[in-house]
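Each remark here refers to the structure printed beneath this line.
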Amino acid sequence: MSRKRKQGHTGDAESANNLNLTCKGTGTKRKFEDEAVQNSTSGGRKKNKSQDIPIRKGAGRLTKFDDDDANEVSQEPIAITQNGKPTGASSSSSASLQPPSKVASKPPRNYHRSEGAEKFERKTQRHHESKGKFPSNTHNETKHNAPNPSIQLVKRRDALLPGRKSLPIWPHAESIRSALRKNNVLVLTGETGSGKSTQVPQFLTSEPWCTKCIAITQPRRVAAISLARRVAEEMGSLMGNQSPAAKVGYSVRFDNASGPNTRVKFLTEGMLLQEMLRDANLEQYSAIVVDEVHERSVNVDLILGFLKELVARGMGKRKHPLKVVIMSATADVDALVNFFDQNADSNTGSSANSADNSAATEPVDSKSVSKCFVEGRQYPVKMTYLPNPTQDWVESALKLIFQIHYKEPLPGDILVFLTGQDTIESLEKLVNDYAEGMDKDVPKLLALPLFAALPQHAQQRIFEPTPNRTRKVILATNIAETSVTVPGVRFVIDCGKSKIKQFRNRLGLESLLVKPISKSAAIQRKGRAGREAPGQCYRLYTEEGYAEMEERTTPEILRCDLSHAILTMKARGIDDVLSFPFLDRPPREALEKALLQLLHLGALTDTGSITESGSRIAKLPLTPTLGRVLVEAVEQDCLGDAIDIVSALSVENIFLNLVTEERKEEAEEARRELFRREGDHMTLLVTVQQYAEEHADRKLWCQKHFVSHRAMQNVMNIRKQLHEQCKRLGLSVSEERPPPSDAHTKAILHCLLKGFISNTARLMPDSSYRTLMGNQTVSIHPSSVIFGRKTEGIVFTEFVFTGKAWARGVSAVQLDWITEVVESIM
DNA sequence: GAGCACTGC
């Protein structure tokens with residue numbers, strides 16, 4: 001960061017004292033150099049970074065998660081037992097969400113993921129991972145040498161019962177059961193805090209039709225794991241991998257905790273899809289509960305389509321038909337009911353049924369889908385809009401933060417929704433600067449950033465108790481909308497924007513844009529103020545602005561690359577993907593583009609049926625392009641090396657991004673032995689292999705080479721999984737690795753070309769690169785090891801648009817290699 | 001010589 005900028009900030013701090021802290025006032029002298037409203041990418045302000053950070057992309061995993069059910073109990077005032085102590089539910093869920101005390105007591109000040117911070121992360125990560133091995137992460141007495149575990153479990157179960165009975169969903173148990181006895185499908189709308197995720201499976205386990213397991217899908221791993229732990233406690237059971245008798249389990253990538261007698265299994269959506277590829281009729285389940293449908297991930301859309309067909313087909317030799325429960329937080333029930341209804345017309349004549357106790361007489365027009373609405377628990381939230389639209393919502397947020405702080409009594413933290421790391425960091429700096437000038441008798445302000453690229457220990461700071469006479473201001477991305485529930489919040493400031501990834505079909509590249517959020521997202525953000533007490537929400541837009549917003553966030557399936565989704569369909573035997581029952585149908589162009597892409601990958605034949613390698617690719621936990629690389633590597637006899645490269649491409653950047661010039665030079669020197677002039681992929685290969693061969697101290701090795709240890713641990717997990725999966729698919733990895741040679745390098749790059757033939761470009765006379773398919777100008781990203789080099793052709797594994805089209809993950813190739821591959825495909 | 005929201009197998 002330049003000195004000039006720094007001085008600029010100091011100047012801002014001075015002007016802060018003159019700030020007119022009224023909503024209308026425009027008296028700030030501060031002017032932001034760029035405004036993400038117009039363009040997130042242009043003219044980015046330099047960040048005030050004093051430490052080295054890795055290039056962000058994915059990163060911190062959270063131990064805290066957002067789930068209605070696991071949190072609700074702890075946050076409801078009702079969850080107090082008669083003896084005045086918090087219910088077991090309450091104490092457990094809050095306790096389980098606390099950071100380890102060591103971490104809590106000594107958070108490092110700098111939140112960038114520095115090498116030092118990495119050490120810290122590993123500690124916390126290990127701590128959290130170890131928690132998963134115990135039946136309860138909250139009650140030490142059940143962990144080790146408990147005198148009689150089963151008595152403990154029963155005691156715990158009984159202690160939790162009163163809390164469960166006070167949940168809004170509890171009175172609906174019987175109507176939910178009877179609805180599913182009559183019909184196979186139930187659409188259940190449960191507002192935040194209703195208890196649906198934990199209770200619905202338990203309501204169903206003793207039903208006559210429920211002879212096997214119930215699956216409950218979740219969009220996120222943390223949610224699946226935490227809910228399973230919670231339900232295990234409530235049912236007085238161990239976790240599925242601890243005892244053959246255990247009734248509750250979960251299944252997420254790299255972590256399967258289910259057993260032969262698991263009756264209730266929480267799993268991520270992706271895991272259920274994988275299971276559906278192996279067990280097309282879901283024979284092992286009596287019911288599938290699809291939770292958080294309103295989030296509308298691609299996976300959930302696929303699951304819904306598959307389930308619709310499964311229900312319509314009747315599934316042959318099943319003794320009891322498969323029951324399906326669709327759970328959603330928003331009131332958009334009708335679309336879901338209609339979706340499952342249409343097929344039911346021909347299937348059954350049973351009469352419609354509404355299990356809705358609370359709503360008045362709802363017109364009953366469905367034939368075999370039940371509906372149920374469960375009210376949530378939410379305190380009222382007072383809404384304030386801006387009188388006039390603003391472009392500068394960082395400034396508006398700043399004013400509001402201080403306005404609230406001066407006016408409103410403690411306690412009551414402020415949660416500000418912003419678009420990304422740079423706006424968060426600007427506002428953090430401003431809040432801190434301005435807070436310095438506050439009178440001594442005014443309570444302090446503590447600004448805490450929150451975004452996914454933030455390392456875990458820094459994210460954990462939001463869960464630490466607020467110091468005396470202090471108000472927290474959490475500056476967050478939309479991670480706080482769904483993934484993380486920030487405790488203590490009574491004020492929400494919503495900028496009304498978020499960054500959204502958009503896939504452009506024509507160019508086949510994606511870009512990240514700042515766009516207005518939808519009404520449903522705005523409502524979700526507002527709701528964050530009313531979880532613990534009545535709250536207030538300030539929207540940094542006008543009421544008209546709100547009225548102009550889209551009703552719902554565009555489902556992911558309408559704005560992403562569909563090749564993975566379509567390959568999954570094909571692998572499930574859906575021949576005509578154009579007639580797949582989509583809840584929202586992607587444009588024909590997008591479907592055709594994806595079909596063509598799969599054809600080029602050799603995953604489909606030109607008549608559109610899946611090939612043998614196509615079905616192999618579908619079973620790999622990779623994008624079709626990366627899967628194709630592995631399949632080709634079998635032919636080229638370099639599968640082991642290809643797995644190493646693909647594993648490294650599957651995680652966030654493994655090289656730490658260094659900020660200061662000094663550190664950059666240092667790192668360049670240290671990494672010299674890793675860098676390969678052939679390009680980024682061979683560099684990744686060497687890095688993974690050297691790391692794998694390091695047996696003494698891998699952590700130290702990473703420090704020495706300025707490599708992220710956490711990312712490398714992840715690489716090793718994926719590598720192991722890919723080895724196992726390839727073995728299962730009959731793709732053999734030879735033990736012997738051929739020694740490095742030009743021929744071997746060519747073989748590896750040939751595999752990459754097979755997967756990424758549309759990501760190739762050639763050098764033009766004017767020194768720019770143009771893609772061979774599409775004739776688009778691309779530039780080699782400065783993070784590449786061959787940045788600045790001129791080579792006749794390149795292949796790249798990532799193509800992003802941020803102000804300019806960038807190729808990232810680049811290798812040098814000869815043009816005739818490209819031609820060779822193109823000819824083999826066409 | 002750039003900079004990226006959030007998930008997941």
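Model, not experiment: these values are computed from the prediction. Just so it is clear: chains get the letters A, B, ... in the order the sequence lines come, proteins before strands, and each one is counted from 1.
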Has S708(A) got a side-chain atom pairing as donor or acceptor with L656(A)'s backbone, closer than 3.5 angstrom?
no

What is the distance, rounded to the nearest whole Å, between atom [atom1] of [X] and atom [atom2] of [N]?
| X | N | atom1 | atom2 | result |
| --- | --- | --- | --- | --- |
| E510(A) | dC6(B) | CD | C1' | 13 Å |
| E295(A) | dA5(B) | CD | P | 19 Å |
| R221(A) | dC9(B) | CZ | C1' | 10 Å |
| I557(A) | dG8(B) | CD1 | C1' | 15 Å |
| K497(A) | dA5(B) | NZ | C1' | 15 Å |
| L450(A) | dA5(B) | CG | P | 13 Å |
| Q459(A) | dC6(B) | CD | C1' | 12 Å |
| H564(A) | dT7(B) | NE2 | P | 18 Å |

Give one of base, sugar-phosphate or nothing for [X], where a contact means two heavy atoms less than 4.0 Å apart.
| X | value |
| --- | --- |
| I718(A) | nothing |
| N299(A) | nothing |
| V252(A) | sugar-phosphate |

Closest nucleotide among [options] to the [X] side chain:
| X | options | value |
| --- | --- | --- |
| F787(A) | dG1(B), dA2(B), dC6(B) | dG1(B) |
| M271(A) | dA5(B), dT7(B), dC9(B) | dC9(B) |
| N478(A) | dC9(B), dT7(B), dA5(B) | dA5(B) |
| S483(A) | dA5(B), dC6(B), dC9(B) | dC6(B) |

Return the set of residues passing side-chain contact (heavy atoms from CB on, under 4.5 Å) with V489(A) (not counting sequence neighbours), or none when no residue passes.
L415(A), V486(A), V492(A)

Does CZ in R677(A) sit with more than 12 non-hydrogen atoms of other residues, nucleotides or ligands closer than 6.0 Å?
no

For atom CD of E550(A), decide whether the heavy atoms of other residues, nucleotides or ligands shown that lie under 6.0 angstrom number more than 12.
no

Please determine whether a side-chain nitrogen or oxygen atom of T268(A) lies at a distance below 4.0 Å from atom OP1 or OP2 of dT7(B).
no

Taking only the side-chain nitrogens and oxygens of T477(A), find out if one of them lies under 4.0 Å from OP1 or OP2 of dC6(B).
yes

Looking at every heavy atom in both G496(A) and M549(A), which two are closest together, and how far apart are they?
O-CE, 4.0 Å

First encountered from the 5' end of DNA chain B, between L622(A) and R559(A)
R559(A)

